[in-house]
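As structure tokens, the structure follows; a few thoughts come after it.
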Amino acid sequence: MSTEAPGPAAPSDALLSVRDLSVVYEPAGADPTFAVENVSFDLRRGEFVGLVGESGSGKSTLGFALTRLSKPPARISHGRILFDGRDIASIDSEALREQRQGGFAMVLQSGMNALNPVRSIRNHFFDVFKAHGHVPHDRREQRARDLIGKVELPAATLDRFPGELSGGMRQRVSIALALSLEPQLMVFDEPTTALDVLVQHAVMNTIRDLQKSEGFTAVLISHDLGIVLEATERVLVMHEGVIVEDGPSSQILSNPSADYTRMLLSHYADPRAEIVSLPGFEDRSIRRDQGVSRSALASPEHAPTVVTRSISTAQESIVVKGVSKTYPPPRRGEQPVRAVRDVSFTLEPGQSLALVGQSGSGKSTIAKMITGVEKPSEGSISFGGLDVAKLRRGQLRDLHSNVQMVFQDPYAALNPLHTIEYTLMRPVVNFTGLKGDDARHRVRELLDTVGLTPVEQFAAKLPHELSGGQRQRVVIARALASDPQVIIADEPVSMLDVSLRAGVLALLEDLREKWGVSLLYITHDLLSARLITDNIMVLHDGAVVERGETAEVLQRPTDAYTVALLDAVPNPARAHGAT
Amino acid sequence: MKYALRKVGLLILTLWAAITLNFFLPRLMPGSPTDAAIAKLSQNGPVTAATRKAIEIQLGVPDGNVLEQYLQYLKQVVTLQFGISYTFYPQPVAELVSQALPYTLILVGLVTIVAFVCGTLLGVLAAWKRGTWLDALPTLGGSFASAFPYFWTALLLLFFLGYVFKIFPTSGAYGVTNTPGLNAAFLGSAAVHAVLPAVTILITSLGGWILGMRNTMISTLGDDYVTFAEANGLKPRTVALRYAARNAILPNLTSFGLALGGVVGGSVLVETVFGYPGIGYLLLKAVTNQDYPLMQALFLMITVSVLLANFLVDILYGVLDPRTRK
Amino acid sequence: MTTTPLNPSAETVPVDDTLLAAPGPWQVITRVASTIWSNTKARIGVIILLLFVVVAIFAPLLAPYDPSATTFARSQDASAAHWLGTTAAGEDVLSQLIQGARISVFVGFVAGLLSTAIAVLIGLSWGYVKGWGADVINFVVNLFLVVPGLPLMIVIAAYLQNGGIGMIILVVVITGWAWGARVLRSQTQSLRGRDFVTAAVFSGERPARIVFREILPNMTSLIVGNFFGAATSAILAEAGLEFLGLGDPSTVSWGTMLFWAQNSNALLTGQWALLFAPGLCIALLATSLTLINFGVDGLSNPRLRESRKAAK
Amino acid sequence: SIDIKSAPDPSLGADTLLIAADTGSPSMQRVFNPYLPNTRIGSWNMFEPLAILNDLTGEDVPWLASKTTIPDPQTVVFTIRQGVKWSDGQAFTPADVAFTFDLLKKNPSLDLKGAWQYMKSVEVKGDDVVVHLNGDDVPAAQVIEQTQIVPEHIWSKVKDPTTFTNPDPVGTGPYTLGNFTPQEYAMDKNKLYWQADKVEAEHLVYPASNTQLDVVTKGYDWGFSFITDVKGTWEKANPSNTYWFPPGGTISLFPNLTEKPFDDVNFRKGLSYALDRKAVGDAAAEGYMEQAGQTGMLLPNQDALLNPAIPDKGLITQNDKTAASYFAKAGYTTKNGKLVGSDGKPLTITITTANGYTDWLRAVQSITKQWAAVGITVKVAQPQPAAYQLALRNGDFQLAMGSVGGTGSVYQDFANNLSSEFYAPIGKQASGNFGRYKSSEVDALLTRFKSTTDEQEQKQLGYQLQQIYYDELPSIGLYYGGSWGLFSTQKFTGWPSAKDPYTSPKTYVSTALLILTHLKKSEATK
Ligand SMILES: Nc1ncnc2c1ncn2[C@@H]1O[C@H](COP(=O)(O)OP(=O)(O)OP(=O)(O)O)[C@@H](O)[C@H]1O
Ligand SMILES: Nc1ncnc2c1ncn2[C@@H]1O[C@H](COP(=O)(O)OP(=O)(O)OP(=O)(O)O)[C@@H](O)[C@H]1O
Ligand SMILES: [Mg+2]
Ligand SMILES: [Mg+2]
């Protein structure tokens, strides 16, 4: 381990000293998981520390242990947690409860659900005040208003119920609630993951400002190295339950010592840069001019072998003309939702088009209309000779044989009960008419195409035996099974860890090139759009606000909204003054 | 607006269909009310042909064909005039029902509410103290007791507490010498008479509520807002009741609505065993005697009360769950 | 006899995540079995149930006498020859009790299976279809939930005139499927929104195949739970109907034993084993199913699974 | 086992009878209109008939009519008793009788006994009420005399007698209505009663709940209820408890005489000889009732009317050989232990009985076993009581359980079962004669019965009907249905018994008046 070995004695200004902490999950009827192993570190007062690592690396588990919130089946199996010199790993529950005021607080990963849906926000605050009695009765209202103000919410929010607030507002309320405890230590577990890009940016700014003004010690848990590096002074890097690197942010940015950290860093780039290159990708803006052959493209995981079958190239284009979609009002007395407003574009055969915009901007709705799942309220969509809006069920199948989807969440997109072979066999049988051994052969080809070799082994597997990246490859293979002309990928990598993302993106890019399919790539992640698309369209409130060549738009945005989007992309280099 | 209209429309349609079903179901039963009356009489001795004729005239062959009868019935439903009972000729149905209803409503209704409240509280306790004896005892005891056949529990209680130890009266809703009304003697006697049936219903229904609440409560205990409340150092009581239990109770309300609606139907088996003059007993009599007017009135009442209870629970849901407001 | 579900929360159980991580038909079954077995309560339930099943299967061998032979002295107390005494008609109570296990186990199994099958069929299609089809099913199911259960049973029982056990099963099934259908519908609705279902549409699958091959297998635990719940209420309903005299009193079942016990006032003649034993058997059999359901609940809702400490 | 003891309810005086008779379900309605089937039992103690037909002995006991004469087969003359008062003090007159008959004529639904089926007109002649009949119909007198008489001065003001509940009854009987609650009512001795000296019980109490457990434990004085193991329960509960179960009817099998092979008398005889009636009766009534003979007579009640020419008092002993020979005559032979018809098909018979009539069911189960022994497969159909009645009326059965006789009138008993007056084709509703028997010989005998006032001739006609019944088996008698009398001699003695069989123990017909005027205070009570 390349970590600077923490000495047995904590530094004198340490607020929290963790020594040899191990946490194990012991679920009934399953094998135990050692989620955190022998972790030691110290936190000084007023420090802002980041904790990064991939999904499942044990970040949340550690966060819960630090704040003594671990619940069965989790168990602190070993180690000490000294908070202000007192070992909180073993104090009883009432003492612990009292410690929570003026001690340590936590803002949960799924902050959206952290509020009791049936209690008003005001009551949430009052509950905390009542539990600890640290705010006198007559000052409670004022205090609640102060707190809610601190997270930049209007006082009227106090009268609302959680269900009436947006995700970002709810996350702010949880932060305010945690603040109301006047804690010395605050642990933020992925406070912005579930939030929209722009909101994410705003909430992070609030957290940073609060940390500065209130002076508490903060731990920011995130899988996004960019966010952590931008916000914090010191970073702990976690990998498989172990802290592999612990150092100042600027040092990690410029000179990472652990291989794992280096790997994480290598997948990070600024989409606004002149030249964007990641392992496995070459910069797109220069590719066109130089016409470089991209056959050498390889994902870090599996290099697809050369595909032998003859490949059809897309011939039809998708033409979207003046399309609008209005959903009926979600509740009585509200306005109808205008999800898409007068959008027109053409997806030429073989083209790759990015559709970007914040959450709710109508990206998925457009995808649904193109695939016939939803009907446009106005305008027309055509694919070749088909008028997509007027298809009946049988014709919808024809459409699906040409227009396929790659789903966002590879964990949810595969039926856990079917083998990979079955999953891929279905579209093959349904669309190509192949049967028996021919179909099986085709499935093997598909697996080969997406680089899942040895194919025989993968064919027999069940989804839970695959990694996220492998699953996404299966999802892509399924989309290819009908030999489609168009692939619509709706945030195909947003659920994947950094280390897997690049591989999947590279695969998509490669397939498009090789198979000549058109790609509609939907994302809020500008970096990936920059990597694999030629053209881009920026959606805002259902309307297109900017369009053009991807590199051009991202480097020189003209619309204010696009500028805001780009600003929200974390920029650690800017924060730490390094390049 | 369209949604609400649709909802109301569906409700009315359901009501109509249920009412119609209530009309046709009894008529599907073979034999006529006269047959039923004769069958009853013939248990006492030979029934002559003349008697049969007299009864036929008395109960009357229903006028007109089925359609006319149905229209007549719909009119009865709307005007709430159900005519005269066959079984209890010449008592008007309305009178019979209004005599029986208070007992059922008070006994079964009260016990249902008490069972729901107690069961829910025990379920909360069990989930909160999961893995301890406070969990094991109510959960296991509850599931065992709820597996008892109603009438069996009733019979055993009746035999031991009523006949062997003579602690409680063995039948009826109040002492034979009491006059129903708001007098202390009657009310006291009614309370004593209600004990055994009440205990029976309580024993056999408590378990379901305990288990239901325990399971939902365990689910909510794992919810993030509960963890967050703990992280904020709220008192365990507050977390258990205001956070976990308060949310866990919502899904159980639906069942409670159905159970409440079922109250009006009475508890046929229990009322039968204890000779309790409630709706359940009346219903059994009506059905076995093919007493169309009485059956129709009772079925209608039960159906409407189920619908009504569900409707009320919907409203309660809205009050308790701000997410459904607006 | 009531239709109140034992587990009202069933409607809101989260999607079966355990199964999502535990695939393959055989694996599902073994997983179901092992999860049930790993739960102490459920294990006790399985043992009791097996005991009853064995008794039911080997009833003719185990029973000391012909259960319907009326050749013994009437209303005898327990003795070496008749461990539980004889009935007022001179039948051996123990033999009847053993024979009765057959009916109850059979009714529970068949009625549970049938009403679960109907609940699955209707619940799934209801959850999958949209538009007026769903409205029609919704309407029918609501009707069955709203129309009073016991009276309906009585009327149907009276109408079908004593077809014996077959009739009772039919009655129990007719009045018992609706709740399960509702639970399964909400589960279907939550599953149909899942990406893998949408993906199946993109794979060109037909609706029936989506429902039965994609959605159904993911609800195994819920269906198993529904089966045990339905079987429990079927056993209780059978006893109740027989007790009210709406069944066929000439079959030998625990319900008819209770009917005859009440009819010939077993308590009065001091034959209280005649009343006590069948009731206890019904309660035990129903309890065993309820106990097994604890294990099944754990299957569909990981949070209900007992932690290792609690299980010990 | 747990012993249950009974003691008189201390809240009831020694002069009060606690009677298990009027079961209210779920509670009692205050209905004392004697012409409604739902009338409370107590109205039998208030509204007296002209004469009481003692259904046990077949005798007519003069009651409100001090004398009944039949001057010719078309006329009945009731001489009305003098000095009788209504319980409100008004005098009882022949006009009341005429008014009552008039009331029944105007409201046929009230005419439960069917008096106007036989009557043409009524006239008052001094103290006599003269009834003119539709034709020769001597046995009709026994029906007409049973009509309960109501006071004209009250009933003439009733708007709709068919729905009149008569909540405050005024009658001539020995008791008046006392305190009434839905769960119990009391009756008090009528001080104005015309034979007040014979009535020693001052009060009667009728609770609504009379379960077997109640009857045994709560100190009842009189009950009418079958009780399991009556010796081990009722008698054991109190030393002064006694019981008497005289026969009250013959439980029989009705063969559907329009259907093969039941239309063949040989087949019916085969069935009859294949029956062990004692075993059937034992199974049904736990050994408390005797097997019935094939004469239609209730023995020993009607010993005096029994045809002496019929062997063994009409009892038929089981004999599988004889049965087989009769079956052979009917074309059925035994093959591999099964009785097989000429078509080669094994014989399967369905017996229809009412669901919930457990004694009948026990009997059927016993029959099933016995007939299985001669190779007949028996199926049991148990429709609900109403559906069972419907099946009987429509003739929709092969063999049906049913009760025969017990009216106390030989003519009525045979006519109800055999008269073609009640014949209806299959599918049409019959109100009697469910087996669809048709015999001109029987019809002729019944007609002659109607026109003779000579008791000897009536007896002879009875003999002939019994003989036919014995030979033809229009229905197959099995065992006697009981009249389940339970009595306590603690407070009162003089209950009917095997030693003193003056009437049946029924609580719910006019014969109860015979008992109530017969009871004496016991030694302990005096
Ligand atoms: N309740 C649980 N039971 C069993 N294992 C668990 C449980 N919760 C988490 N784990 C396991 O513990 C390990 C660490 O999980 P943890 O939630 O701490 O990861 P994380 O770093 O927060 O990941 P993410 O970025 O996805 O939130 C993982 O392998 C996970 O599968
Ligand atoms: N079925 C629907 N009914 C009503 N409104 C809907 C429906 N589907 C989407 N909307 C609304 O339409 C708008 C656009 O939704 P859409 O899913 O297209 O956004 P998106 O850009 O894909 O967002 P995200 O990045 O969160 O996936 C949102 O305001 C959403 O709430
Ligand atoms: Mg986490
Ligand atoms: Mg989207």
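Every chain is numbered from 1, with letters handed out A, B, ... down the list of sequences.
Closest of all the heavy-atom pairs between C:Gly240 and B:Phe151 is CA-CE2, 3.5 Å. Taking every heavy atom of both residues into account, C:Thr287 and B:Ala147 meet most closely at OG1-CB, 3.3 Å.
Every residue two or more places apart in sequence or in another chain that forms a salt bridge (Lys or Arg N to Asp or Glu O under 4.0 Å) with B:Asp35 is listed here: D:Arg393. Here C:Asn265 pairs with D:Gln212 under the side-chain hydrogen bond (donor to acceptor under 3.5 Å, both in side chains) rule; sequence neighbours left out.
Neither the backbone nor the side chain of C:Leu285 comes within contact range of chain B, judged by heavy atoms closer than 4.5 Å. Of the atoms belonging to B:Leu140, it is side-chain heavy atoms, and not backbone ones, that fall under 4.5 Å from chain C. Looking at C:Ile282, both its backbone and its side chain come within 4.5 Å of chain B, counting heavy atoms on both sides.
Looking only at side-chain heavy atoms (C-beta outward), C:Arg182 and B:Thr254 come within less than 4.5 Å of each other. Proximity of C:Leu284 to B:Phe144: side-chain heavy atoms (C-beta onward) are separated by under 4.5 Å at one or more points. Residues B:Leu211 and C:Asn293 are not in side-chain contact: their nearest non-hydrogen atoms beyond the backbone lie 4.5 Å or more apart. The closest side-chain heavy-atom distance from C:Phe243 to B:Leu155 is below 4.5 Å.
Below 30°, between 30° and 60°, or above 60°: for C:Phe276 and B:Trp152 the angle between ring planes is between 30° and 60°, a tilted geometry.
If you take OG on B:Ser143 and CG on C:Leu289, they are separated by 11.5 Å, rounding to the nearest 0.5 Å.
For C:Phe52, the CZ atom is densely surrounded, since the number of other residues' heavy atoms within 6.0 Å is greater than 12.
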